[in-house]
Amino acid sequence: MTLPPTAAHPEATAPPTRPTTLRAAAGSSYFPVAFLARFPFAMMVVGTLTLVVAARDSIALGGLNSAVVGLGAALVGPLLGAAADRYGQRPVLLISGIVNALALLALAWIAFSPLPDAAVLAAGFAIGASAPQIGPFSRSRLVALILTRLPAERRARAMNGTMGYESAVDETAFVFGPVVVGLLATTLSPAAPMIGAAVLILVFVTAFALHPTARTQPADDTQAPVGRASVDQAPARELFTPAILVVVAGALGVGLFFGTVLTSLTAFLGDLGRGESAGLLYGVMGVGSTVLALSVGLWPERFRLPARWLVSSALMLGAMLLFASADGTTGVVAAMALAGIGIGPTVVTLYSLAAQHSPHGRSATVMTMLGSATIVGQSGASALTGAVAESAGSPSAMLLPAAAAALVLLAGVVNALLSGGTGAPQHRGR
């Protein structure tokens, strides 16, 4: 007779079905939590600038403090990624989130205190150094989910779509984060954005840290203990291969691009007596960038990553040459729209290549290297462009975005040469 399936006959039990979509693998709550957890990071550079300028009545100190925030993120961000790769994201996020919230609150008090400017800069560095790396960590989690939970035939398209989505939500946060800062600063007080960011960290960064996806293991680390990352990692020297460093250089160029565009645009519109509209015109680029980033998942796979980088960064350069020659808002709007078409796919491509080239067990480290390069480029370029605009005028400052775009294109050319042309495979085997 045939016996029914029992614990003594496990072979009779049907195997669990594998999820076929990333949303099913990550859970429906993951994406809104990961999106809202990005806002504090997006608010930091502009929020600290607004606070310091209002409290200390010094644009120079405010710009320097923003640069120090970026320096802290650049120096310590990759170390947070390395710690997450070794010990798991959860403890790193919980600790960095608490420290970051305290640093934000400390700056809100120090800025209005009689303490010297050095204390303001020290608090700014602490804010950057402890910033929770939500974007890079989210990419690392989702890449691991794609490579471990999804069927093999769905992975390539899921990877393209995921990198596009992640870039789009990053862009959305960085466009609307400063808007939130402006609303809080003008309706409440200059310290309100720092307090608001601290509250968002304690709520949403903590929720992101505690989400079950924090336990996801890299694709070939499935035998690692649950709840922590595998210590079986590629040597640290593999983080500094030409293939990775050229992508980091591209991310630095993107950060320089963002910083030079926003600051030179503000200076240009200020000369026209319309400085308050800088955020609105900058948003034209943000909208286009978000739409194009989301569309990348629909692009044909034969349009390889190296070729995408070259085409998209060439559009960025063309847009900034148009921007540098603009003599009115019509030309600026056209330049911002064209720039959005280029910058969105460029960012998606950079993170896709980072996922492709990440050494075994080092995904979070590589992703934070890109994130740190972007933020240090943005903050440093903001300070430099502001100084150029003040000393040489806005027309000179408007040349700098073209130089930043040229750097991104040059890095794309080097990447294509390293890839043996533009037909290299998009995703390495695991």
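All residue numbers refer to positions in the sequence shown, counting from 1.
- By the side chain to side chain donor-acceptor pair (under 3.5 Å) test, Ser189 pairs with no residue at all, sequence neighbours left out.
- Using a 4.5 Å cut-off on side-chain heavy atoms (C-beta onward), Met285 and Phe257 make contact.
- To the nearest 0.5 Å, the span separating CG on Leu105 from CE on Met194 amounts to 10.0 Å.
- A pairwise comparison of heavy atoms in Pro401 and Thr260 identifies CA-OG1, 3.3 Å as the closest pair.
- Legend: residues meeting side chain to side chain donor-acceptor pair (under 3.5 Å) with Ser138, ordered by chain and number and at least two apart, are Tyr30, Glu166.
- Side-chain contact check for Arg304 versus Ser419: every heavy-atom pair is 4.5 Å or farther apart.
- Contact record, Phe268 with Asp327: CZ-C, 4.2 Å, taken as the closest heavy-atom pair.
- Two residues are said to be in side-chain contact when any heavy atoms from C-beta on lie closer than 4.5 Å; Val348 and Arg308 fail this criterion.
- Listed by first and then second residue, the salt bridge (Lys or Arg N to Asp or Glu O under 4.0 Å) pairs involving residues 110-129 are Arg56-Asp117 (not counting sequence neighbours).
- Rounding to the nearest 0.5 Å places CG of Leu399 at 10.0 Å from OG of Ser394.
- For the pair Leu142 and Phe31, the minimum side-chain heavy-atom distance is below 4.5 Å.
- At distances below 3.5 Å, at least one donor-acceptor pair connects side-chain atoms of Ser113 with backbone N or O atoms of Ile110.
- Judged by distance alone, the side chain of Gln133 and the main-chain N or O of Gly81 form no donor-acceptor pair under 3.5 Å.
- The only option from Ile127, Val99, Leu200 that meets the side-chain contact (heavy atoms from CB on, under 4.5 Å) definition with Leu104 turns out to be Ile127.
- Phe137 places a side-chain heavy atom less than 4.5 Å from the side chain of Phe208.
- Across all their heavy atoms, Pro91 and Gly88 have their closest contact at CD-O, 3.5 Å.
- Under the 3.5 Å distance criterion, the side-chain polar atoms of Thr206 are left unmatched by any main-chain donor or acceptor of Val203.
- Between Met316 atom CE and Leu321 atom CG the span is 11.5 Å, to the nearest 0.5 Å.
- Among all heavy-atom pairs drawn from Gly124 and Val69, the shortest one is O-CG2, 3.4 Å.
- Looking only at side-chain heavy atoms (C-beta outward), Val408 and Leu256 stay at 4.5 Å or farther from each other.
- When atom types are taken as modelled, the side chain of Arg38 and the backbone of Ile134 share no donor-acceptor pair closer than 3.5 angstrom.
- Looking only at distances, a side-chain donor or acceptor of Arg90 sits under 3.5 Å from a matching main-chain atom of His211.
- The two residues Leu184 and Ala192 come nearest to each other via the heavy atoms O-CB, 3.7 Å.
- Looking at Leu370 and Arg139, their side chains never come closer than 4.5 Å, going by heavy atoms from C-beta outward.
- Side-chain contact check for Asn65 versus Leu107: some heavy-atom pair is nearer than 4.5 Å.
- Between the side chains of Thr213 and Arg141, a donor-acceptor pair is found at a separation under 3.5 Å.
- Across every non-hydrogen atom of Leu310 and Val413, the tightest pair is CD2-N, 3.5 Å.
- Rounded to the nearest 0.5 Å, atoms OG (Ser130) and CD1 (Ile98) are 11.0 Å apart.
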### Message
Leu93 vs Leu210, test: side-chain contact (heavy atoms from CB on, under 4.5 Å). Steps then yes/no.
### Response
CA-CA 9 Å; Leu93 283 167; Leu210 298 178; over 6 Å; no
